[in-house]
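Here is the structure we will look at.
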Amino acid sequence: MRSVTFADDKVVDELNAKFVLVWNNHAPDYGGGGERGKQPVFSAKELENYPEGAGGGNIRTYLCRADGTILHYVEGWYKPARFLEEIAVSATETTAKQRAERREALLAAQRKIEREHPDEMKKPFEESALRREYAMLGLLVNVQDLSRAVAGQMIPKVLEQVRRANEERGIIK
Amino acid sequence: MRQTTMKALAALLVAASFGLAQDEARVATLLEQLGGDDVEAREAAEAELVKVGRPALPVIRKAILKADSEVKGRLERVVKAVTEPRWMTDLAKAKEIAAREKKPILVFSTIGDVGGYV
């Protein structure tokens, strides 16, 4: 996120202007980069073919009201344009209807790729941008479902659940 | 029609350059204030430069090269605050600020500290 999305001028300006930003390390004992609290940094070039939406439970973005009530949740890594699009959904109150409409639109976009480019669907991810786009749309559909599940909960409680889950996985003590 | 469009465009350009000149004058005043004796005024100037944002960056970057260590430190903080997301790690404090500024909160959660992440 640092080398591409959080380094993008538009993302930085949007985040600083519209939100109060909180960084949470949900596995403080983990030292994946060899040093506690650090992970390897990927260059923008290395990330070019990294599928958007990947990163799962390691990369979590929660949009909350000022009192900490979760409005929307985005899981995974996205390039700047997609990240801005997804957080715009939740800059205001996200209704169940809006979320359902967005889910439908994402599924329709996925079906369109499948229908118009059947040969691309047989290629491996690394050889097809459309295949990666298709997968990313699927992950974003999943994001809408995950978001619906946590919306309305308070952020400290959800972060504690994430911490405990990492404890159970043995990532933190 | 074309003449009207050209006049409108010229008016816009004059307005934009006036805005730029105002920004430059404001930044120059703030830079002067930043190097002054009054600590509170220095703090206020630093916060104000962050509010000016990206338009102030070219002048700030030039000023960094000539500034003494205290002013340089302040200017570097301004550049960081303008060009990077302003993360904090205290959720309770974030909630207070969000309530006061009537803003939503964005929580980014990952494995790793600020500055030590993917």
Side-chain angles (χ1 to χ4, degrees), chain A residues 1-3 6-7 9 11-28 30-33 35-42 47 55 57-73 77 87 90-93 155-156 158-159 162-163 166 171-172, chain B residues 16 19-20 23 26-27 30 43 45-61 74-118:
Chain A
M1 290 294 275
R2 173 174 56 178
S3 49
F6 292 152
D9 289 354
V11 172
V12 172
D13 291 349
E14 184 81 358
L15 293 184
N16 284 338
K18 294 193 177 160
F19 299 94
V20 175
L21 305 173
V22 175
W23 186 279
N24 177 63
N25 179 352
H26 57 227
Y30 182 77
E35 195 179 331
R36 188 182 170 278
K38 290 199 173 182
Q39 287 194 69
V41 176
F42 297 102
L47 282 170
N58 180 24
I59 301 172
R60 297 165 177 260
T61 307
Y62 300 90
L63 287 300
C64 312
R65 279 191 205 127
D67 69 355
T69 309
I70 297 171
L71 296 168
H72 190 47
Y73 166 60
W77 173 79
I87 65 168
S90 49
T92 54
E93 303 280 320
I155 186 69
V158 171
L159 293 179
V162 173
R163 197 195 63 77
N166 281 330
I171 292 175
I172 56 173
Chain B
L20 280 176
D23 273 346
R26 190 176 167 209
V27 171
L30 291 169
E43 297 284 339
E46 186 179 327
E48 208 50 38
L49 281 168
V50 173
K51 279 188 198 162
V52 176
R54 293 192 188 273
L57 290 177
V59 181
I60 290 177
R61 287 189 169 124
R74 285 185 184 277
L75 290 173
E76 282 170 346
R77 279 205 300 268
V78 172
V79 172
K80 192 173 158 63
V82 172
T83 59
E84 295 179 21
R86 295 195 279 272
W87 298 110
M88 48 196 301
T89 52
D90 185 340
L91 183 59
K93 200 173 169 192
K95 281 161 76 174
E96 279 173 28
I97 296 170
R100 193 169 61 237
E101 296 184 1
K102 296 186 174 35
K103 280 183 177 178
I105 301 171
L106 182 148
V107 178
F108 182 73
S109 189
T110 190
I111 297 172
D113 299 329
V114 183
Y117 55 95
V118 285

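As a basis for the values below, the full set of heavy atoms in this structure was taken, side chains included, without hydrogen atoms, waters or symmetry mates. The structure displayed is predicted, hence computed values, not measured ones. In what follows, chains carry the letters A, B, and so on, assigned in the order in which the sequence lines appear, proteins first and then strands, with residues in each chain numbered from 1.
Nearest heavy-atom pair across A66(A) and I105(B) is O-CD1, 3.6 Å. Nearest heavy atom pair, residue V22(A) against residue A94(B), reads CG2-CB, 3.3 Å. Nearest heavy-atom pair across K18(A) and P104(B) is O-CD, 3.3 Å. Nearest heavy atom pair, residue V12(A) against residue V82(B), reads CG1-O, 3.6 Å.
Heavy-atom distances place no part of A7(A) under 4.5 Å from chain B, backbone and side chain included. When heavy atoms are compared at a cutoff of 4.5 Å, T83(B) approaches chain A solely by way of its backbone atoms N, CA, C and O. Using a 4.5 Å cut-off between heavy atoms, R100(B) makes no contact with chain A at all. There is no contact between A92(B) and chain A, counting heavy-atom distances below 4.5 Å.
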TODO: I would like to know whether M88(B) and L21(A) meet side-chain contact (heavy atoms from CB on, under 4.5 Å); could you show each step before the answer?
DONE: CA-CA 6 Å; M88(B) 48 196 301; L21(A) 305 173; 5.8 Å; no
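In this pair, F108(B) and W23(A) present their aromatic rings tilted. The plane angle is within the 30 to 60° band.
In this structure, I111(B) CD1 and N25(A) CG are separated by 8.0 Å, a value rounded to the nearest 0.5 Å. In this structure, the separation between OG on S109(B) and CD1 on I59(A) is 11.0 Å, given to the nearest 0.5 Å.
Of the listed residues (E96(B), R86(B), K102(B)), the greatest number of heavy-atom pairs within a distance under 4.5 Å of chain A belongs to R86(B). Taking chain B as the reference chain and counting heavy-atom pairs below 4.5 Å, the highest number among N16(A), I155(A), D67(A), D13(A) is found for N16(A). The choice from T61(A), I70(A), L159(A) that makes the most heavy-atom pairs within less than 4.5 Å of chain B is T61(A).
Checked against side chain to side chain contact (heavy atoms under 4.5 Å, CB included), P156(A) has the following partners two or more places apart in sequence or in another chain: M154(A), L91(B).
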